[in-house]
Amino acid sequence: AFGGGVTGGILINAPEAIRHDALQRAVAAGINWIDTAAIYGDGASEETIGRHLRALTPQPHVSTKVRLEADDMHDLAGAIERSLEQSLRRLQSDSLALFQLHNHLGHGVGERLALPPEQVLRRGGVADTFDRLKQQGLIRACGITAAGDTAACLDVINSGRFDAAQIYYNAINPS
């Protein structure tokens with residue numbers, strides 16, 4: 001997978017020619033997945049991928065993420081749907097291979113909103129919304145970023161409601 005995040009920031013901060021070359025070289029070297037999120041460069045990473053995705057051969061899979069904020073809790077499903085709609089527009093795509101929840105589970109870090117497993121799994125929660133997006137053909141798979149409280153992450157994983165759990169590992173900061 002090719003990470004489109006702030007670590008390195010090549011899809012966010014580099015000149016456009018370097019952004020293009022990085023994606024081309026990654027795919028030519030056998031990378032078949034590009035991972036990004038709406039929060040990476042406030043959408044800049046998704047926009048870069050969207051500008052160049054159709055020209056990449058072979059076509060890589062693309063995943064992006066939604067991070068919910070406190071203001072989103074009154075309309076959880078709507079916030080997720082709006083985020084996906086905006087991501088698809090930036091990515092210039094009709095659907096995604098994978099859409100993931102990017103909130104910590106259980107306990108958050110600093111000011112970030114963390115979600116308890118009950119909120120993710122309850123009726124009308126994140127899992128139900130993701131199921132509906134799959135039924136609509138907007139996403140093929142759904143997942144979580146497995147960060148936060150280990151027990152909470154395991155509760156959500158063991159529910160069987162998600163297809164993937166992205167585990168943090170960074171060669172620069174392997175903590």
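These values consider heavy atoms only, across backbone and side chains, with no hydrogens, waters or symmetry-generated copies.
Annotation for Ser87 and Ala38: closest pair OG-CB, 4.0 Å, computed over non-hydrogen atoms. In plain terms, the two heavy atoms of Ala37 and Thr64 that are nearest each other are CA-OG1, 3.2 Å. Nearest approach of Arg19 to Asn13, heavy atoms of both residues: NH2-N, 4.0 Å. Of all heavy-atom pairs spanning Cys142 and Phe130, the tightest one is CB-CD2, 3.3 Å. The shortest heavy-atom contact between Asp35 and Gln166 is OD2-NE2, 3.5 Å. Between Gly124 and Leu76 the shortest heavy-atom distance is O-CD2, 4.0 Å.
The CD1 atom of Ile18 lies 12.0 Å from the CG atom of Leu23; values are rounded to the nearest 0.5 Å. Here the SG-NE2 distance, from Cys153 to His104, works out to 8.5 Å after rounding to the nearest 0.5 Å. Taking OG1 of Thr145 as the reference point, atom CG of Leu105 lies at 8.5 Å (rounded to 0.5 Å).
Linking Ile, Leu, Val, Met, Phe, Trp and Tyr whenever their side-chain heavy atoms come within less than 4.5 Å leaves Leu91 and Trp33 in two separate clusters. Cluster annotation: Leu154 and Leu115 are assigned to distinct hydrophobic clusters (Ile/Leu/Val/Met/Phe/Trp/Tyr, side-chain heavy-atom contacts under 4.5 Å, transitive). In the hydrophobic clustering of ILVMFWY residues, with side-chain heavy atoms under 4.5 Å counting as a link, Leu84 and Leu98 come out apart.
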Exercise for review: Any chance you could lay out the side chain to side chain contact (heavy atoms under 4.5 Å, CB included) test for Glu69 and Arg112, step after step, and finish with the verdict?
Suggested key: CA-CA 8 Å; Glu69 303 296 342; Arg112 288 187 192 170; over 6 Å; no
Check your understanding: Given the rule in the side chain to side chain contact (heavy atoms under 4.5 Å, CB included) test, do Thr57 and Val27 qualify, once you have shown the distances and angles that lead to the verdict?
Key -> CA-CA 7 Å; Thr57 305; Val27 170; 5.9 Å; no
Exercise for review: Report the C-alpha separation of Phe99 and Leu138 in whole Å, then their side-chain angles, then the decisive distance to 0.1 Å, and conclude whether the side chain to side chain contact (heavy atoms under 4.5 Å, CB included) test is met.
Suggested key: CA-CA 9 Å; Phe99 189 49; Leu138 297 172; over 6 Å; no
Exercise for review: With side chain to side chain contact (heavy atoms under 4.5 Å, CB included) as the test, would you mind laying out the steps for His52 and Gln24 before giving the verdict?
Suggested key: CA-CA 9 Å; His52 301 287; Gln24 290 282 357; over 6 Å; no
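The side chain to side chain contact (heavy atoms under 4.5 Å, CB included) test with Phe2 is passed by exactly one of Val62, Ile49, Leu11: Leu11. Tested against Pro117 for a side chain to side chain contact (heavy atoms under 4.5 Å, CB included), the candidates Asp149, Val156, Asn158, Ile157 yield a single pass: Val156.
Under a 4.0 Å N-O distance rule, the pair Arg89/Glu46 does not qualify as a salt bridge. Classification of Arg140 and Asp163 as a salt-bridged pair fails, no side-chain N sitting under 4.0 Å from a carboxylate O.
Counting only distance, with no hydrogens or angles, the side chain of Gln59 and the backbone of Leu53 share a donor-acceptor pair below 3.5 Å.
Put simply, the side chain of Leu101 reaches to within 4.5 Å of the side chain of Leu68, judged on heavy atoms. A 4.5 Å side-chain heavy-atom check between Ile34 and Leu56 finds at least one atom pair inside the cut-off.
Evaluation of the salt bridge (charged side-chain N to carboxylate O under 4.0 Å, His left out) test over residues 119-129, restricted to residues two or more places apart or in two chains, returns Asp128-Arg161.
Under a 4.5 Å side-chain heavy-atom cut-off, the cluster of Ile, Leu, Val, Met, Phe, Trp and Tyr residues that includes Ile12 is completed by Val6, Ile39, Tyr40.
Defined by atom type and a distance below 3.5 Å, a donor-acceptor pair is present between the side-chain atoms of Ser45 and Thr36.
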